Q: 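Quick one: structure below, then a few questions.
Residue numbers begin at 1 in each chain, while the letters A, B, ... track the order of the sequences. What you see is a predicted model, and the numbers here were worked out from it, not measured in a lab.
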There are 2 protein chains.
Amino acid sequence: MKRANIQDVAKLAGVSPSTVSRALNSFPGISERTRQKVIEAAKKLNYKPNYRGQILTTRSTKNIGLLITDITNPFFPELVRGAEETASESSYTILLGNTSESVEKETNYLDFFSRGPVDGVIISASRIPNEHIINLAEEGLPIVVINRILEHPKISYISTDMEKGGYLATKHLIELGHIRIAFINGPSHSEAAKRRFLGYKKALTEAKIEYDPDLASFNIPVAESGYREAIKLLNTKNPPTSIFTYNDLMAFGVMKAVKDLGLKIPDDLSIVGFDDIFFSSFTDPPLTTIRQLKEELGKKAVELLLELMKGEKRGILLEPELIIRNTTSRR
Amino acid sequence: MKRANIQDVAKLAGVSPSTVSRALNSFPGISERTRQKVIEAAKKLNYKPNYRGQILTTRSTKNIGLLITDITNPFFPELVRGAEETASESSYTILLGNTSESVEKETNYLDFFSRGPVDGVIISASRIPNEHIINLAEEGLPIVVINRILEHPKISYISTDMEKGGYLATKHLIELGHIRIAFINGPSHSEAAKRRFLGYKKALTEAKIEYDPDLASFNIPVAESGYREAIKLLNTKNPPTSIFTYNDLMAFGVMKAVKDLGLKIPDDLSIVGFDDIFFSSFTDPPLTTIRQLKEELGKKAVELLLELMKGEKRGILLEPELIIRNTTSRR
DNA sequence: CTGTTAGCGCGTTCAT
DNA sequence: ATGAACGCGCTAACAG
């Protein structure tokens, strides 16, 4: 059964194609009688406007490109859900690009997006340099970046206040009497990692604790990195009494390492994560962490993009929150 | 800076638009000199073929629609990643539809997909009736369904052997001496739920244990359902000694309920989940469960779709595996 | 209120 | 080996 097009409907209804278009898109200035006639014909032929023709003339795809690094990290699904729900309220669909932390894939996706399959792009991936993003924006592609602060007249951004997050985590540990506080950080190129690092150092400085480079490392943000670095740190002569990780996944890795070494959490080691993903309240013991508003990040990013497509640029900073559970205790 | 189109390149290279198209798509029958000239012009203008014009003439979008119910359930991200990786190897991009268990959203997405933004669709969502899927397939949309067995000449499917999964879980509990085995099942309309139920009953029958309807329920497949049903079951006069859940998320809910009631796992209650998501090995205690090959499901689904677009239909059944951890013990 | 015409940007004939 | 002309399906602009 071949698909009916607008001509078929026009013929059956005895009107012109443009009248069909007007009737179906509820334009004003058309008689109710004609509208009904068209609607009936359309229904009879099971007519649905062809997307490919439609976007060519309307110049809108009703798609939003969303670039993320790792859908397997529960941080992102929550963000995606927030984005998806808000998008679908405005009849937009999400075109998802999962880059698996690969620069090449990020670039490919962005190139593809810039060729026209989407009306705008949300970038929640870290490896793409700002200049590349700016270039595309100046070519006319509406872009919103998540968790990177990029001030540019054609780009909107929304980010958790990362520096504050790093500060809150470190200060919490300091207040519990910890002095040797390690930071298993994320990728060195990531702005989020840099800003959290700033917050970490700020808290140390405030407490007059000297920063020890041996206690800080940059890593791929997966559980295995947390495991590996924790083993390394705990086997040194002067091990830390607490570890702050770039994200909860890495904290899970740390917890596993501690258990494998036969140590107790939080008695032998205090741990603070970042993100507050769903499972962090289910671990043993439940994880102390810095909460990001993940759904909000996705939701607001879509709203910003919709505004940006109308020409309104904005930047938003979201507050992180310290969630105290049971992986931290007094030294 | 306005985007260059094929005409601009043609003008700069001093050739016709069709020559540009041939040169850039590496067609035979074109002089090397001309090709170089065109490539150079294209580079100078930063030309990228306009996607919207391209799909109209090539009749291929290089997009695949992927419908899932709940991206927040870690089962799906792993599936999505498998699909995404395989798709991008063939230069396809995933258009993601998250339906949040809503029939309306499923239908909307499917309608949208059928209008032309994708070359084919993968459905990993349960509420859409088979007839609807068949209709779209007969209109010419290539469709692959995941975890539902749908025999039709124009539809391919890939599914874990759900009945076997249900059977393995139940048999494991029976072998540990359990007789009162509850099944907190998923949605009643879901084929996966029905088939697991079949396996559950089969194992009971084999062991000559009478099926007790009070021990089985149908639910929305989220952690809260597991919690709620577990509380209900454990507060009856003759509570079960073990619970099998539709998925791991629900098992997490059950574990929380057991702890809240002050009981011990697995001494007071044995638990078996389904899926083996990443976090199931991190819970306290680690969860015994039935493993589905999630990435494989996504990967194979894309392969099947690509084949289906060439006209080859197939159906694949994947073997589930019992993963024994520490939430089950001898009665 | 409705029909006619043009054009979106490509790829693909069919000529040359 | 290359150019000219056409068409994909729709909507917007113009005409009546």
Side-chain angles (χ1 to χ4, degrees), chain A residues 2-39 41-42 45-63 91 111-112 114-119 139-141, chain B residues 2-39 41-42 45-63 112 114-119 139-141:
Chain A
K2 242 200 89 224
R3 201 56 163 276
N5 66 18
I6 201 168
Q7 311 254 22
D8 301 326
V9 180
K11 201 172 292 173
L12 182 62
V15 297
S16 74
S18 50
T19 300
V20 173
S21 171
R22 280 188 284 247
L24 264 26
N25 296 312
S26 30
F27 265 55
I30 185 170
S31 78
E32 200 46 42
R33 223 176 66 77
T34 317
R35 187 189 305 281
Q36 286 310 326
K37 214 165 48 181
V38 170
I39 289 176
L45 295 174
N46 187 26
Y47 169 73
K48 296 174 208 158
N50 179 296
Y51 176 81
R52 303 174 192 191
Q54 202 172 41
I55 64 170
L56 199 56
T57 45
T58 59
R59 325 202 119 256
S60 165
T61 59
K62 288 288 181 180
N63 287 161
S91 315
D111 269 17
F112 175 65
S114 79
R115 287 178 43 218
V118 299
D119 295 346
E139 282 180 16
L141 184 67
Chain B
K2 243 201 88 227
R3 200 55 163 278
N5 65 20
I6 202 168
Q7 311 253 24
D8 301 326
V9 180
K11 202 172 291 170
L12 182 63
V15 296
S16 74
S18 47
T19 301
V20 174
S21 171
R22 280 188 284 247
L24 264 26
N25 296 312
S26 30
F27 265 56
I30 184 168
S31 77
E32 201 43 45
R33 223 175 67 77
T34 317
R35 187 189 304 283
Q36 285 311 324
K37 214 166 49 180
V38 170
I39 289 176
L45 294 175
N46 188 26
Y47 169 73
K48 294 174 207 156
N50 179 296
Y51 176 82
R52 303 175 191 190
Q54 203 172 41
I55 64 170
L56 199 56
T57 44
T58 60
R59 325 203 120 256
S60 165
T61 59
K62 288 287 181 181
N63 287 161
F112 175 65
S114 78
R115 286 179 42 218
V118 298
D119 295 346
E139 281 179 18
L141 184 67

Q: Counting only N and O atoms by type, is there a donor-acceptor contact under 3.5 Å from the side chain of A:Thr61 to the main-chain atoms of A:Ile55?
A: no

Q: When you measure from the side chain of B:Arg35 to the backbone N and O of B:Phe27, does any donor-acceptor pair fall under 3.5 Å?
A: yes

Q: Using modelled atom types only, decide if a donor and an acceptor are shared between the side chain of B:Arg52 and the backbone of A:Arg59 within a distance under 3.5 Å.
A: yes

Q: If you count heavy atoms of other groups shown closer than 6.0 angstrom to NZ of A:Lys11, is the number above 12?
A: no

Q: Taking the side chain as every heavy atom from C-beta outward, state whether B:Glu139 and A:Lys48 have any pair of such atoms under 4.5 Å apart.
A: yes

Q: Looking at A:Val15, is its backbone amide N or carbonyl O close enough to the side chain of A:Thr19 to form a donor-acceptor pair, meaning the two atoms are under 3.5 Å apart?
A: no

Q: What is the distance, to the nearest angstrom, from the NZ atom on B:Lys11 to the P atom on D:dG3?
A: 14 Å

Q: Determine whether a donor-acceptor pair (N or O, by modelled atom type, separation under 3.5 Å) exists between the side chain of A:Asn25 and the backbone of A:Arg22.
A: no

Q: Could you write nucleotides 9-16 of chain D as a row of B, S and -, 5' to 3', where a protein heavy atom under 4.0 Å of any base atom gives B, of only sugar-phosphate atoms gives S, and otherwise -?
A: BBBBB---

Q: Which heavy atom of B:Asn46 sits nearest a heavy atom of B:Arg3, and at what distance?
A: O-NE, 4.3 Å

Q: Specify the angle, to 10°, made by the local axes at the two ends of the helix from C:dC1-D:dG16 to C:dT16-D:dA1 when five pairs are taken at each end.
A: 40°

